[in-house]
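Single-structure report; data block below.
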Amino acid sequence: MTEPAAPANILKWVNEQYPRPALDPVWLRDCCSWIASSYSLSPTDFPQFSSHVTSQFLQSSLADSALPNTGLPQNIRTIKRARLTGHPCLVEIRAISDIGISAFSLMNVRQNRMDRADLAGLVREDEEDAEEDEGPVPRYPRGMLRLELSDGFTTVEAVEYRAIPQLELGVTPLGYKILLKDVQIRRGVIFLEPQTIELKGHQTEDHEVMQDEIFLRSLRRRLG
């Protein structure tokens with residue numbers, strides 16, 4: 001017996017809020033069933049129900065929740081100069097680094113952060129002042145962020161053409177969602193500006209656990 005589709009009011013609302021990429025109807029159906037069971041909610045409780053759907057969607061990997069070839073242009077990496085027109089397109093951060101700071105400097109800061117984390121793990125709970133004496137965890141210097149963005153199936157490089165303070169190396173998690181609106185594309189690279197994006201936030205656990213490994217790999221490539 002075929003399982004019923006997602007409620008029509010939820011399907012309509014999701015398609016209006018996030019038209020690109022298109023949601024996988026099977027994922028949305030299963031998501032709605034889980035919300036109804038876990039929270040004892042009915043789709044007629046629209047504000048609460050839709051809020052849970054949004055949260056689950058933004059925490060998901062778009063490879064799981066979206067349909068292939070319905071988001072970014074498949075040929076985006078070969079586009080010389082254009083704008084991403086049409087409906088806004090939701091993407092997620094798959095990698096983040098900073099091309100405005102030397103790889104050597106970033107590697108040193110990363111090592112200092114790792115050392116601090118290791119030290120904090122050795123501090124007993126009753127030694128409350130021990131970590132305070134070390135000062136705050138070192139932050140990465142800020143230059144120009146480079147991101148890998150994906151709609152779940154097509155991945156593209158993006159650079160911070162104008163500063164976006166809400167995005168920060170070492171703080172912004174992988175899986176973080178961004179809505180692209182009329183962004184510039186030059187030689188297959190998206191140029192990010194505050195006025196052409198909408199930050200939706202959240203993270204995807206499966207991606208986030210790999211962040212340091214992906215970051216370290218990118219630094220080693222730059223260092224040769």
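Please read all numbers here as calculations on a predicted model, not as lab measurements.
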State whether the side chain of [X] and the backbone N or O of [Y] hold a donor-acceptor pair below 3.5 Å, judged by distance alone.
X: Q74; Y: N69; result: no
X: E208; Y: L174; result: yes
X: S38; Y: I35; result: no
X: D45; Y: Q48; result: no
X: K177; Y: G175; result: yes
X: S50; Y: F46; result: yes
X: S105; Y: I101; result: no
X: N112; Y: P138; result: no

Note, F57 side chain near V14 side chain (heavy atom, < 4.5 Å):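 No; the side chains remain at least 4.5 Å from each other.
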E193 with R162: basic N within carboxylate O range, under 4.0 Å: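 Yes.
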Ionic contact status for E160 with R142, cut-off 4.0 Å: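 Looking at E160 together with R142, the answer is yes, because their closest N to O distance falls below 4.0 Å.
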Qualifying residues under ring pair (Phe, Tyr, Trp, His ring centres under 6.0 Å), relative to Y39, sequence neighbours excluded: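 Counting only residues at least two positions away or on another chain, Y39 forms a ring pair (Phe, Tyr, Trp, His ring centres under 6.0 Å) with W34, H52.
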For Y140, all residues meeting ring pair (Phe, Tyr, Trp, His ring centres under 6.0 Å), sequence neighbours excluded: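 If we apply the ring pair (Phe, Tyr, Trp, His ring centres under 6.0 Å) test to Y140, skipping adjacent residues, the hits are F215.
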Between the side chains of [X] and [Y], does any donor sit under 3.5 Å from an acceptor?
X: Q59; Y: S55; value: yes
X: Q211; Y: E213; value: no
X: Q111; Y: R113; value: no

Cation-pi geometry met for R222 and F104 (6.0 Å, 45°):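 Ring-cation test returns no.
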D206 atom CG: more than 12 heavy-atom contacts under 6.0 Å: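 Counting neighbours around CG of D206, 12 or fewer heavy atoms of other residues, nucleotides or ligands fall under 6.0 Å, so no.
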R139, CZ: over 12 other non-hydrogen atoms inside 6.0 angstrom: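 Check fails, neighbour count at 12 or below.
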Partner set under side chain to side chain donor-acceptor pair (under 3.5 Å) for T54, not counting sequence neighbours: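 Per chain and number, T54 pairs via side chain to side chain donor-acceptor pair (under 3.5 Å) with no residue.
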Qualifying residues under side chain to side chain donor-acceptor pair (under 3.5 Å), relative to S60, sequence neighbours excluded: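 S65.
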Heavy-atom closest contact (L90 atom, L62 atom, distance):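 Closest pair (atom of L90, atom of L62, distance): O-CD1, 3.8 Å.
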Minimum heavy-atom distance L149-A158, with the two atoms named: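 Result for this residue pair: CD1-CB, 3.6 Å.
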Under the side-chain contact (heavy atoms from CB on, under 4.5 Å) test, residues paired with M107 that sit two or more places apart: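 Expected list: L216, L219, R220, L223.
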Side-chain atoms of residues 17-24: list all donor-acceptor pairs with protein atoms under 3.5 Å, sequence neighbours left out, distances to 0.1 Å.
{"residue": "R20", "atom": "NH1", "partner": "T85", "partner atom": "O", "Å": "3.0"}
{"residue": "R20", "atom": "NH1", "partner": "H87", "partner atom": "O", "Å": "2.8"}
{"residue": "R20", "atom": "NH2", "partner": "G71", "partner atom": "O", "Å": "3.1"}
{"residue": "D24", "atom": "OD1", "partner": "V26", "partner atom": "N", "Å": "2.9"}

